[in-house]
Amino acid sequence: MRLTKSFFERDVLEVAPDLLGKTLARRFDDGTKIKKVITEVEAYKGEEDLACHASHGKTERNKVMYETGGHVYVYFVYGMYWMLNIVTGKRDAPQAVLIRSLDGISGPGRVGKFLKLDKSFYREDVTKSNRIWLEDIPSLKKVRYKKSARVGVNYAGTWAKKNWRFILPS
DNA sequence: ACAAAGATCCGT
DNA sequence: CGGATCTTTGTA
């Protein structure tokens, strides 16, 4: 079953761990369809969170984070990687979940490459899109997961210490 | 206008 | 541990 708007409109700290064990589905232009279980995510929450891209207010790059949950936030880094995030929460509450790993695909850069993401996915709605969406596995109710500090955000001071990275044990 | 840094990955 | 490679951001 496809995850709906109400799933994504909750607080990012609830949505992020709930995404573990869920399925990410992607239909490519040639019609090929793939599904992978999400195994690692990170939460980025609000303008106060110095590790969050919204910490300097709304900009051309991050403006989709201010929209309602369920939108895709993709951005380009290090000259070669597209990072996949799912916006969560209500409008004007900038939050997003970074999809760091899928089953067999370790690292956010590789996830973007595997899914063949690009600028055109910016602001895609995963509750409606026919090329990227998320699905529940009804039989799987609860999963155990580990928490740790987020990766690559040491510049964020005390915010870097928050255990907002959620990992499914392999 | 421009320089610097970046929610990364890979090879050495 | 440094290079690749280029967009976004704040003004170094």
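Proteins come first, then strands; the chains are lettered A, B, ... in the order of their sequence lines, and each starts at number 1.
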**Asked** So what does the secondary structure string of DNA chain C come out as, 5' to 3', with Watson-Crick or wobble pairs under 3.5 angstrom, [ ] for crossing and | for pairs with another strand?
**Response** ||||.||||||.
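Looking only at side-chain heavy atoms (C-beta outward), A:Tyr122 and A:His71 stay at 4.5 Å or farther from each other. For the pair A:Ser148 and A:Glu42, the minimum side-chain heavy-atom distance is 4.5 Å or more. Between A:Asp125 and A:Val72, the closest side-chain pair of non-hydrogen atoms is not below 4.5 Å.
Checking A:Ser129 against A:Arg26 by side-chain atom types alone, no donor-acceptor pair falls below 3.5 Å. Side chains of A:Tyr73 and A:Glu124: no donor on one and acceptor on the other come within 3.5 Å.
Ionic pairing of A:Asp103 and A:Lys35 is not present here: no N-O contact between side-chain nitrogen and carboxylate oxygen is shorter than 4.0 angstrom.
The outermost nucleotides of DNA chain C lying under 4.0 Å from heavy atoms of chain A, listed 5' to 3', are C:dA4 to C:dG10.
Spacing between C:dG10 and B:dT8 at atom C1', rounded to whole Å, works out to 23 Å. If you take atom P in C:dT5 and the same atom in C:dT9, they sit 23 Å apart, rounded to whole Å. One P atom belongs to C:dG2, the other to C:dC6, and the distance between them is 22 Å to the nearest Å. Comparing the C1' positions of B:dG6 and C:dA12 gives a spacing of 15 Å, expressed to the nearest Å.
Every pair passing side chain to side chain donor-acceptor pair (under 3.5 Å) that includes a residue from residues 91-102 of chain A is listed here, sequence neighbours excluded: A:Asp11-A:Gln95, A:Glu40-A:Arg100, A:Glu40-A:Ser101, A:Thr88-A:Gln95. Sorted by first then second residue, the ring-ring contact (aromatic ring centres under 6.0 Å, His included) pairs that include residues 1-31 of chain A, not counting sequence neighbours, number zero. For residues 15-25 of chain A, the pairs satisfying side chain to side chain donor-acceptor pair (under 3.5 Å) are A:Arg10-A:Asp18, with sequence neighbours left out.
The environment of A:Lys113 atom NZ is sparse: at most 12 non-hydrogen atoms of other residues, nucleotides or ligands sit within 6.0 angstrom.
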**Item:** Reading 5' to 3' through nucleotides 3-12 of chain B, protein heavy-atom contacts under 4.0 Å coded B for base, S for sugar-phosphate only, - for none
**Value:** ---BBBSS--
